[in-house]
Amino acid sequence: MKRRDFIKLGSAAVATSGLMSFGQTAKALSIPTGDYKALVCIFLLGGNDGFNMIVPTSNFDYDEYTASRQNMAIAKADLLPVSPLSYGNSSFGFHPQLAELQSLFNSGKLGVMANVGNLVEPITRQQYLERSKSLPDQLFSHNDQQDQWRYVDPQAQKTGLGGRVMDLAVPNNQDPLLTGISIDGRTNWLSSQLNLDLAIGRNGFDQYSYVAPDKNWTQDRRAAFKALLDNNYQDPFIDEFKGLQSRTMELVERVGSQIDTVPDFTTLKPEGSLATKLEMVAKMIAIRAELGMERQVFYVGMGGYDTHDNHISRQQALFTELSQSMKYFYDVTAELGVEQSVTSFTSSEFGRTLTSNGDGTDHAWGNHQLVMGGAVRGGDIYGQIPSLEIAGPDDANDDGRIIPTTSVEQYMVSPLRWFGLTDNELNGVMPNLAAFDPNAVDFML
């Protein structure tokens with residue numbers, strides 16, 4: 001891949017960078033030099049049906065599942081069996097299209113975080129029905145719940161969790177702008193009031209082809225453009241825009257020249273956009289030493305999970321791509337020798353109703369998530385598996401909207417501690433963590 005095809009600044013970063021500075025932060029993470037680590041957020045946009053992703057298969061639990069899921073249920077014989085370490089008396093199965101994830105789970109490289117969701121404070125079914133506890137705003141709305149997952153702050157300070165982590169990690173890196181990176185567009189998860197994030201196209205973007213340094217026919221044009229960038233302008237907005245263009249051009253050419261040195265991965269890449277996006281993440285990780293990076297956070301989105309109709313067939317396609325892409329990414333990190341240094345985790349704004357609307361499912365609340373990497377205590381399910389009984393103890397609305405038993409904050413504690421955050425820093429990046437038990441789950445080695 002050529003450097004002109006690789007990298008771009010997000011348009012929002014271009015638009016707003018004149019109002020903020022690069023590389024502002026109060027304090028670096030206290031970590032050893034040379035101890036590279038990366039977090040990769042894989043956001044399943046639309047609301048993934050996690051209760052078809054991992055299914056209880058013990059007789060009583062599976063009967064409860066089929067009674068609730070109706071025509072959305074997966075046949076027990078089709079499920080891919082797994083035996084979580086903490087559930088010796090219970091059995092489970094992955095969706096039949098998740099064979100690669102089953103393999104990662106069985107090899108101890110993938111874990112399941114059960115029944116996670118947006119919460120302001122712990123809440124029971126009775127408290128929900130009485131409205132005696134605080135609830136997330138606009139609970140079943142896509143945009144609101146995506147934002148609350150990304151901000152992880154019920155007061156909506158409009159900075160993202162990934163952005164606040166990025167702010168802590170910036171001083172540990174030689175290039176602040178390469179600390180927080182999203183693939184295919186910017187995200188609120190990486191929004192910050194202190195630092196800029198970078199957006200990289202999945203298949204590349206030719207931002208400066210008209211002044212490329214390696215073409216004879218562009219040299220006069222390049223010289224003229226560089227002369228414009230060398231001028232000083234009285235208007236502060238014009239002068240800052242000039243500076244932005246100069247910094248962007250330098251970044252594109254410098255990082256691009258490093259990307260050109262990355263050999264093609266020997267791991268076979270599956271079809272689908274998610275694998276292509278994760279390949280871009282892997283390429284950035286591959287040049288971490290050359291760029292002087294110690295800590296990085298990445299965001300990758302995959303759409304299509306709002307399965308109000310054609311649920312069964314759409315889920316088959318979605319889970320096939322998810323499973324193959326995540327396995328591909330893990331294998332590439334192993335190929336690079338960094339599987340112990342890269343932890344990936346899924347997010348999704350909410351789960352789906354257990355009940356069927358006839359051909360699909362509707363917006364719900366709690367949901368199962370996945371965490372993957374060589375430093376993950378895989379082969380197990382963490383948190384509490386809820387009752388799947390309609391109108392049961394974990395159902396909010398008598399239609400299979402399961403109340404989360406683990407908050408997003410609790411879910412993120414373990415990977416953020418692994419990343420290097422202290423308890424004080426955890427409370428700083430997740431202001432509502434004090435409402436929950438921060439030690440409820442620990443799935444990292």
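Scope of the values below: all heavy atoms of this structure, side chains included, with no hydrogens, waters or symmetry mates.
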Is there a donor-acceptor pair closer than 3.5 Å between any side-chain N or O of [X] and the backbone N or O of [Y]?
X      : Y      : answer
Gln70  : Asn357 : no
Glu425 : Thr422 : yes
Glu294 : Asp35  : yes
Arg254 : Leu251 : no
Tyr305 : Gly351 : no
Thr307 : Asp309 : no
Glu321 : Leu274 : yes
Ser182 : Gly185 : yes
Ser91  : Ser58  : yes
Asn188 : Gly160 : no

query: Can you pull the side-chain hydrogen bond (donor to acceptor under 3.5 Å, both in side chains) pairs that have at least one residue in residues 368-377, sequence neighbours excluded?
result: Thr346-Gln369

Evaluate the side-chain proximity of [Y] to [X]: yes if any heavy-atom separation is below 4.5 Å, no if none is.
X      : Y      : answer
Asn172 : Ile31  : yes
Leu135 : Ile123 : yes
Trp365 : Ile402 : no
Lys133 : Val120 : no
Asp380 : Ser86  : yes
Leu39  : Arg295 : no
Ser90  : Phe92  : yes
Asn71  : Asp359 : no

Closest non-hydrogen atom pair, [X] against [Y]:
X      : Y      : result
Leu291 : Gln174 : O-CB, 3.7 Å
Phe419 : Lys37  : CE1-O, 3.6 Å
Met444 : Val376 : SD-CG2, 3.9 Å
Met326 : Ile42  : CG-CD1, 4.1 Å
Gly366 : Asn115 : CA-OD1, 3.4 Å
Phe443 : Val371 : CE1-CG2, 3.6 Å

Quick check for you: to the nearest 0.5 Å, what is the distance between [X] atom [atom1] and [Y] atom [atom2]?
X      : Y      : atom1 : atom2 : result
Leu388 : Thr66  : CG    : OG1   : 10.0 Å
Asp63  : Thr57  : CG    : OG1   : 11.0 Å
Ser325 : Met302 : OG    : CE    : 6.5 Å
Leu104 : Leu370 : CG    : CG    : 10.0 Å
Ser323 : Leu318 : OG    : CG    : 12.5 Å
Asp197 : Ser191 : CG    : OG    : 8.0 Å

Got a salt bridge between [X] and [Y], using NZ or NE/NH1/NH2 to carboxylate O under 4.0 Å?
X      : Y      : value
Asp442 : Arg417 : no
Asp399 : Arg401 : yes
Arg125 : Asp394 : no
Arg69  : Asp49  : yes
Asp153 : Lys158 : no

query: Regarding Arg150 and the six-membered ring of Phe43, is the cationic atom NZ or CZ under 6.0 Å from the ring centre and inside 45° of its axis?
result: yes

task: Is it possible for you to check whether Lys269 lies under 6.0 Å from the centre of the six-membered ring of Phe329, through NZ or CZ, and within 45° of that ring's axis?
output: no

message: Tell me every residue that passes side-chain contact (heavy atoms from CB on, under 4.5 Å) with Gln340, counting only those two or more places apart in sequence or in another chain.
response: Ala375

task: Report the C-alpha distance between Phe140 and Phe350 in whole Å, list the side-chain angles of each, state the deciding distance to 0.1 Å, and finish with yes or no for ring pair (Phe, Tyr, Trp, His ring centres under 6.0 Å).
output: CA-CA 8 Å; Phe140 306 117; Phe350 42 59; 7.3 Å; no

Can you find a side-chain donor-acceptor pair between [X] and [Y] that sits under 3.5 Å?
X      : Y      : value
Lys76  : Asn59  : yes
Glu349 : Gln145 : no
Asn310 : Ser313 : yes
His308 : Asp306 : yes
Glu100 : Ser103 : no
Glu335 : Thr266 : yes
Arg164 : Thr159 : yes
Gln296 : Thr179 : no

CA sep, side-chain torsions, deciding dist, call: Tyr382, Thr406, side-chain contact (heavy atoms from CB on, under 4.5 Å): CA-CA 10 Å; Tyr382 295 87; Thr406 298; over 6 Å; no

query: side-chain contact (heavy atoms from CB on, under 4.5 Å) between Ile200 and Met284: does it pass, once the steps are laid out?
result: CA-CA 10 Å; Ile200 299 173; Met284 289 301 300; 4.0 Å; yes

- prompt: What do you reckon, is CD of Glu271 surrounded by more than 12 foreign heavy atoms closer than 6.0 Å?
  reply: no

- prompt: Where do Thr353 and Asp362 land on the side chain to side chain donor-acceptor pair (under 3.5 Å) test, with the steps shown first?
  reply: CA-CA 5 Å; Thr353 54; Asp362 297 318; 4.7 Å; no

- prompt: In terms of the angle between their ring planes, are Phe105 and Phe94 parallel, tilted or perpendicular, with boundaries placed at 30° and 60°?
  reply: perpendicular

message: Can you confirm if the aromatic rings of Phe298 and Trp189 lie within a centre distance of less than 6.0 Å?
response: no

query: Among Gln315, His95, Arg352, whose side chain to side chain donor-acceptor pair (under 3.5 Å) with Asn52 holds?
result: Gln315

query: For Gln127 and Ser132, what are the C-alpha separation, side-chain angles and deciding distance, and is it a side chain to side chain donor-acceptor pair (under 3.5 Å)?
result: CA-CA 5 Å; Gln127 291 165 340; Ser132 60; 5.1 Å; no

- line: Exactly one candidate in Leu119, Val429, Val152, Asn118 meets side-chain contact (heavy atoms from CB on, under 4.5 Å) with Glu409; the answer is Val152

